[in-house]
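For reference, the structure discussed in these notes is given below.
These numbers come from a predicted model, not from an experiment. When reading the values below, keep in mind they use all heavy atoms of this one structure, side chains included, and skip hydrogens, waters and symmetry mates.
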Amino acid sequence: MTFEELGVREDLLKAIAELGYVAPMPVQEKVIPHLLNEESDVVALAQTGTGKTAAFGLPTLQRTDVTSKATQALILDPTRELCLQTASDLEDYSKYIDGLNILAVYGGSSIETQIKALSRGVQVIVATPGRLLDLIKRRKVDLANVNTVILDEADEMLNMGFVDDINEILEHVPEQRKMLLFSATMPAEIAGIAKNYMHDPTEYVVGTRNEGSANVQHCFYMVKAHDKYLALKRIVDSRPRIYGIVFCRTRAMAKEVADNLIQDGYNADALHGDLSQAQRDAVMKKFRERNLQILVATDVAARGLDVDDLTHIISYSLPDDNDVYNHRSGRTGRAGKTGTSIAIIHSRERNKLRDIEKHIGKKFERREVPQAEEIIGKQLHSLIDKLEHVDVNEEGIAAYMPEVLKKLSWLSSEDLLKRILSLEFNRLFDYYSNAPVIENIPEKGERKKKDKSGHGDPKNRSMSEKDSRVAQEGYERIYINVGKADGFFAPDLIRMLNANTKGQKIGLGRIDLLSNYSLFDVMAGEGHRVVSALKNCEFYGKRLYLEPAVEGKDYASAAREEKTKVKKNRSERRMEERLARLEEVIAREEEQFKEMGRGKKRSNASNRRFRKAQEEKKRSLKSKKKEDNFAKFKKKKR
């Protein structure tokens, strides 16, 4: 199938041939002949980058009458960037059509300039909903002769809250027009627009509904939450030629990740809502020209971005909406090329990833975070490839060669090559020789298998296994006198160790929390350091006691005795405090009575307080005597 066979006119064929278009893509094969030959409207479900602009642009331009200056086609895009990109593509397609005027109408630029251009006559308007509605209310744009309306990236316009604006704009367009709706997904609100404003629409689906692109490979890395940034760096380092977008959930996170990457020497920048339009344009210009390798962005800020040849999309945090993930991954693997969509997750996000798998109908491949040897090897291969294919400016470098050859003549070719490679190798080796270890979190099934050997998740071990005094290989076992009954859990232990130990981080192993005490493993040789560091520390008022775990010692009985002792001490302390208060009341009343002088009577209220305090003191002393006698009896019985 060729574009000529689809019915595309000669002047358009000439323009797209110069742009490198050879054969139509699936969405173009379906939509172009329909728009040229059929009367019904069209709903096309296709991912970003599948050739939608040419699918609606070529037939729209072919249907436009250049002899009339009236506006005949209206294309609505969700963002300024996409609006400009669409208008630019249409201008390229219409290179050989004389008298055709195309105007991009969007916010963030002078509305007066746009009004002047509209007054001169524009056949095709590409607009964002907000700015177009503003022009409609000012009565500066006339849509009475529009015969073609296109909603591009309709689901993105829905996500950005443009549904009401679209409904209002469509009220100003003639009833008899051809309407096209392009969307990657089909939520209920988009279906509602199709039902209310479209005439017997024909639906074309490229792939299946909500399906991810067939050219995109999906994979994930599961690490601890605090290791995400380190994992991101290793993923980027293991792909020297990466050209991609890192998606973050919030603008604060996007700014933090981008700042860290820049500080660590990566060719990166951020795109988020705090940037002005001029800053945003500058960042996008650098990224499109490949002066940036990595763009860190929020989903809101990246809406409508149309960048070709992205190799990777990295989800630093998963989106709340599964459709948003579809939009992210759809930015790579375009125009028949392949791409990779990577998710960096922690264990609590695994179920969310499974939901996304069901939604897009594709399985994510589990991968391990690249190790130092792998990364260094890939970086060196990339450098070798650059050396092999570098363009040598013979004429420009000729003047400097004699001096260079004289300076390096004592080196053999092998020594010279070693030194060139060492420029890159030494940097990487210095970093990764001291780099922290990133732990790959196993899947649940893998954990259970591991637990049968006595390691892994403590929930799956018996009480006797938890109370074991035998440490894992390379570790030593430590006892601490607080447990779950004290509100003590693993994060509390980690926090106390971090706060009270200096120097190298303590290597923790298995942590077993029991009711009144806990046992945990630390790297061999670090036990004394841990015991000393937490000596005299308190956990919510309880003095901590630690020691190397002793085989055969009954820590459970010791914990119960300590608990009983603490309880008894607490009871005695309360009794003493109560007696002290009563004696204070009695003393105060007696003192007041003395001050009143002889012959004076105590007031009724004062008498009641005095008698009540004396009676309570008597009862308390009697209760204390009973408790003391019972304690003596128990001690004698033993």
Side-chain donor/acceptor of [X] to backbone N/O of [Y], under 3.5 Å:
X	Y	result
Asn393	Gly396	yes
Gln123	Ser68	yes
Glu38	Leu35	no
Asp41	Pro201	no
Thr71	Val122	yes
Thr148	Thr60	no
Gln28	Lys52	no
Ser317	Arg249	yes

Who passes side-chain hydrogen bond (donor to acceptor under 3.5 Å, both in side chains) against [X], sequence neighbours left out?
X	value
Asp65	Thr67
Ser119	none
Glu349	Lys228
Ser382	none

Side chains of residues 263-274: which donor-acceptor pairs under 3.5 Å do they make with residues two or more places apart or in other chains?
unit_1 : atom_1 : unit_2 : atom_2 : d
Asp264 : OD2    : Tyr229 : OH     : 2.7
Asp264 : OD2    : Lys233 : NZ     : 3.3
Tyr266 : OH     : Asp237 : OD1    : 2.9
Tyr266 : OH     : Asp237 : OD2    : 3.1
Asn267 : ND2    : Asn291 : O      : 2.9
Asp269 : OD2    : Lys286 : NZ     : 3.2
His272 : ND1    : Asp274 : N      : 3.2
Asp274 : OD1    : Arg251 : NH1    : 2.8

Determine whether [X] and [Y] make a side-chain contact, defined as any pair of heavy atoms from C-beta on separated by less than 4.5 Å.
X	Y	answer
Leu74	Val124	no
Ser329	His218	yes
Leu12	Phe3	no
Ile342	Ile235	yes
Leu76	Ile150	no

message: Is the distance between the ring centroids of Tyr325 and Phe247 under 6.0 Å?
response: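 Between Phe247 and Tyr325, the centre distance exceeds or equals 6.0 Å.
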- prompt: Can you name the residues that form a side-chain contact (heavy atoms from CB on, under 4.5 Å) with Asp259, not counting sequence neighbours?
  reply: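 Partners of Asp259 under the side-chain contact (heavy atoms from CB on, under 4.5 Å) test: Lys255.
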Donor-acceptor side-chain pairing of [X] and [Y] below 3.5 angstrom:
X	Y	result
Ser183	Glu153	no
Arg80	Thr128	no
Thr202	Ser40	yes

[X] versus [Y], closest heavy-atom pair with distance:
X	Y	value
Ile344	Val223	CG2-CG2, 4.2 Å
Val216	Thr332	CG2-O, 3.4 Å
Thr298	Ala254	CG2-CB, 4.1 Å

Evaluation steps, side chain to side chain donor-acceptor pair (under 3.5 Å), between Gln114 and Arg131: CA-CA 10 Å; Gln114 293 171 1; Arg131 175 52 63 90; 2.9 Å; yes
Sequence-distant partners of [X], salt bridge (Lys or Arg N to Asp or Glu O under 4.0 Å), two or more places apart:
X	answer
Lys352	none
Asp134	Arg138
Asp385	Arg241
Lys95	Glu18

- prompt: Checking Arg290 against Tyr243: charged group under 6.0 Å from the ring centre and within 45 degrees of the axis?
  reply: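 Yes.
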query: If you draw the axis of the six-membered ring of Tyr96, does the NZ or CZ of Arg9 fall within 45° of it and under 6.0 Å from the ring centre?
result: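 Ring-cation test returns no.
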task: Could you pull out all residues at least two apart from Tyr221 that satisfy ring-ring contact (aromatic ring centres under 6.0 Å, His included)?
output: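 Not a single residue meets the ring-ring contact (aromatic ring centres under 6.0 Å, His included) criterion with Tyr221.
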field: Spatial distance of atom OG1 (Thr64) from atom CG (Asn147) [nearest 0.5 Å]
entry: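 Nearest 0.5 Å value for the OG1-CG distance: 7.0 Å.
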field: side chain to side chain donor-acceptor pair (under 3.5 Å) assessment of Thr338 paired with Gln217
entry: CA-CA 8 Å; Thr338 58; Gln217 184 181 26; over 6 Å; no
Lys/Arg N to Asp/Glu carboxylate O, Arg350 vs Asp355, below 4.0 Å: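 Salt bridge flag = no for Asp355 with Arg350.
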- prompt: Can we say Glu365 and Lys363 salt-bridge, meaning some charged N sits less than 4.0 Å from an Asp/Glu carboxylate O?
  reply: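 No salt bridge links Glu365 with Lys363.
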Side chain to side chain donor-acceptor pair (under 3.5 Å) pairs, two or more places apart, involving residues 163-181: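 Residue pairs passing side chain to side chain donor-acceptor pair (under 3.5 Å), neighbours aside: Glu171-Tyr197.
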message: Test side chain to side chain contact (heavy atoms under 4.5 Å, CB included) on Ile345 and Leu318; report intermediate values, then the result.
response: CA-CA 8 Å; Ile345 67 170; Leu318 293 177; 3.8 Å; yes
message: For Glu5, is the CD atom crowded, meaning more than 12 foreign heavy atoms sit under 6.0 Å from it?
response: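 More than 12 heavy atoms, drawn from other residues, nucleotides or ligands, come within 6.0 Å of this atom.
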- prompt: Relative to each other, are the rings of His34 and Tyr204 parallel, tilted or perpendicular (30° and 60° limits)?
  reply: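 Because their plane-to-plane angle is over 60°, the rings of His34 and Tyr204 count as perpendicular.
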